[in-house]
Amino acid sequence: VLRKDARKIWSYFEDFSGENTNYLPPDNYQKYPPKEIAERTSPTNIGLGLLAIISARDLGFLSITRTLASIRQMLATIDKLEKWNGNLYNWYNTKTLEILRPKYVSSVDSGNYLGYLMVLKQSLIQYKDMPIIDDDIVQGIKETCELEQNLSKEIHDIIDSFGAIKGKTSSEWISFLKELKLKVNKSSSKTRAMIDELTTEYSKYFSLRHYEEEKSLVEDSLYIYIH
């Protein structure tokens, strides 16, 4: 239940922090009375957006490729923002990036932002020693299917039959992704995009690892194991 709620929460940042907001998360979205997306953001919102990306990766909702791309996009926008002695002002327009009046720096928001950046830095350092693909990614695909109301019995069975990632060959991983994509509805854009990203990054980041019992095997892609 918690993971399903987490996937819905990530959708807020995924849906509302795009090119039209310069990749910055909006302060809020008001559904009723209808006011749509608030076109403003703060250092607290920005820092929370960065950690939302990290959390989404840790929970398996994002590939590492998209995680790094999303962080780069946000940091590139932050570099463009006007600052006071290196500090972010408290409110910016997400469309124009202009400072909202009155112009001031908040010690509370600046402190929040600094704390978020410290966590971001440590998370990225840890990623260097973590597997690119893990069981959370498989679970994340399943929950994204559920979010898009596309978790048919057929898809559920494919994911369950694949099981844990440990010990799987690269061929098994790619076959799993291809089989899954064939069964996912074309309208399920988030799930299909995630499968495409995972398929592409497999050849980009895959590291060769031989287990003791495989050393006599020919170095063929069939015997490259995901770890």
Side-chain angles (χ1 to χ4, degrees), residues 2-128 130 136-137 140 143-144 147 189-190 193-194 197 201:
L2 286 176
R3 284 188 58 96
K4 288 179 183 178
D5 286 342
R7 185 61 187 83
K8 290 177 183 177
I9 292 169
W10 166 240
S11 288
Y12 174 88
F13 295 94
E14 184 178 33
D15 295 342
F16 296 149
S17 303
E19 189 175 358
N20 62 328
T21 66
N22 288 288
Y23 306 103
L24 299 177
D27 184 63
N28 64 79
Y29 170 76
Q30 185 169 308
K31 191 172 182 180
Y32 185 82
K35 281 192 177 180
E36 300 299 323
I37 303 170
E39 295 179 357
R40 64 179 182 275
T41 195
S42 67
T44 295
N45 293 330
I46 293 170
L48 186 60
L50 288 167
L51 289 200
I53 296 170
I54 293 294
S55 299
R57 171 60 192 91
D58 290 348
L59 290 167
F61 305 146
L62 282 183
S63 66
I64 192 65
T65 301
R66 191 169 161 205
T67 298
L68 297 177
S70 298
I71 291 171
R72 285 194 189 103
Q73 287 169 332
M74 281 194 70
L75 293 179
T77 299
I78 293 167
D79 280 344
K80 298 176 187 176
L81 297 175
E82 184 182 341
K83 303 172 184 71
W84 178 81
N85 290 338
N87 295 285
L88 293 175
Y89 285 95
N90 208 55
W91 292 107
Y92 295 90
N93 183 298
T94 52
K95 289 190 179 292
T96 66
L97 301 184
E98 294 175 347
I99 302 166
L100 299 181
R101 306 287 176 175
K103 188 188 288 189
Y104 67 98
V105 172
S106 166
S107 59
V108 173
D109 279 73
S110 296
N112 290 340
Y113 179 62
L114 179 59
Y116 291 140
L117 290 181
M118 291 169 67
V119 176
L120 174 67
K121 178 183 176 181
Q122 291 305 313
S123 298
L124 293 174
I125 290 171
Q126 288 180 18
Y127 284 165
K128 290 165 61 178
M130 289 174 64
D136 284 325
I137 288 287
E143 284 151 356
T144 303
L147 181 76
S189 57
K190 292 180 181 180
M194 187 176 180
E197 287 163 6
E201 80 173 13

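Everything quoted here is computed from the prediction, not taken from an experiment. Numbering of residues begins at 1 and proceeds along the displayed sequence.
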For this session: Compute whether any side-chain donor of one residue and acceptor of the other, for D109 and T44, lie under 3.5 angstrom apart.
Result: yes

For this session: Take the angle between the ring planes of Y92 and Y89 and call it parallel below 30°, perpendicular above 60°, tilted in between.
Result: perpendicular

Problem set entry | Check: Y23 main-chain N/O paired with Q73 side-chain donor or acceptor under 3.5 Å | no

Problem set entry | Where D136 and R3 come nearest, the two heavy atoms and their spacing | OD1-NH1, 3.7 Å

Exercise. Taking atom types as modelled, is there a side-chain donor on R7 or T144 under 3.5 Å from an acceptor on the other?
Worked result: yes

For this session: Kindly say whether W84 contributes a backbone atom to a donor-acceptor pair with the side chain of N87 at under 3.5 angstrom?
Result: yes

Seminar exercise, completed: Taking every heavy atom of D27 against every heavy atom of Y12, the minimum-distance pair comes out as C-OH, 3.8 Å

Exercise. Yes or no on side chain to side chain contact (heavy atoms under 4.5 Å, CB included) for Y104 and W91, after CA distance, side-chain angles and deciding distance?
Worked result: CA-CA 8 Å; Y104 67 98; W91 292 107; 3.5 Å; yes

Exercise. Under the side chain to side chain contact (heavy atoms under 4.5 Å, CB included) criterion, do I71 and L120 qualify, and how do the steps go?
Worked result: CA-CA 10 Å; I71 291 171; L120 174 67; 3.9 Å; yes

Exercise. With a cut-off of 6.0 Å (strictly less than), are more than 12 heavy atoms of other residues, nucleotides or ligands near CD1 of I125?
Worked result: yes

Exercise. Taking Q30 for the side chain and P33 for the main chain, is one N or O donor matched with an acceptor at less than 3.5 Å?
Worked result: yes

For this session: Tell me, with the steps shown, if L68 and L124 meet side chain to side chain contact (heavy atoms under 4.5 Å, CB included).
Result: CA-CA 9 Å; L68 297 177; L124 293 174; 4.1 Å; yes

Exercise. Closest heavy-atom contact between S11 and K190?
Worked result: OG-NZ, 3.5 Å

Exercise. Under 3.5 Å, side chain of T21 to main-chain N/O of G18, donor-acceptor pair present?
Worked result: yes

Problem set entry | Derivation and outcome, side chain to side chain contact (heavy atoms under 4.5 Å, CB included), residues V105 and L88 | CA-CA 7 Å; V105 172; L88 293 175; over 6 Å; no

Problem set entry | Main-chain N/O of P25 paired to T41 side chain as donor or acceptor, under 3.5 Å | yes

Problem set entry | Neighbour count above 12 (heavy atom, 6.0 Å) for K8 NZ | no

For this session: State plainly whether the residues E98 and R40 are in salt-bridge range, i.e. N to O under 4.0 Å.
Result: no

For this session: Verify the ring-centre separation between F16 and Y29: is it less than 6.0 angstrom?
Result: yes

Exercise. Are the side chain of N22 and the backbone N or O of K95 linked by a donor-acceptor pair below 3.5 Å?
Worked result: yes

Exercise. With the threshold set at 4.0 Å, does a side-chain nitrogen-carboxylate oxygen contact exist between K4 and E143?
Worked result: no

For this session: Consider only side-chain N and O atoms of N45 and S42, and report whether a donor and an acceptor are under 3.5 Å apart.
Result: yes

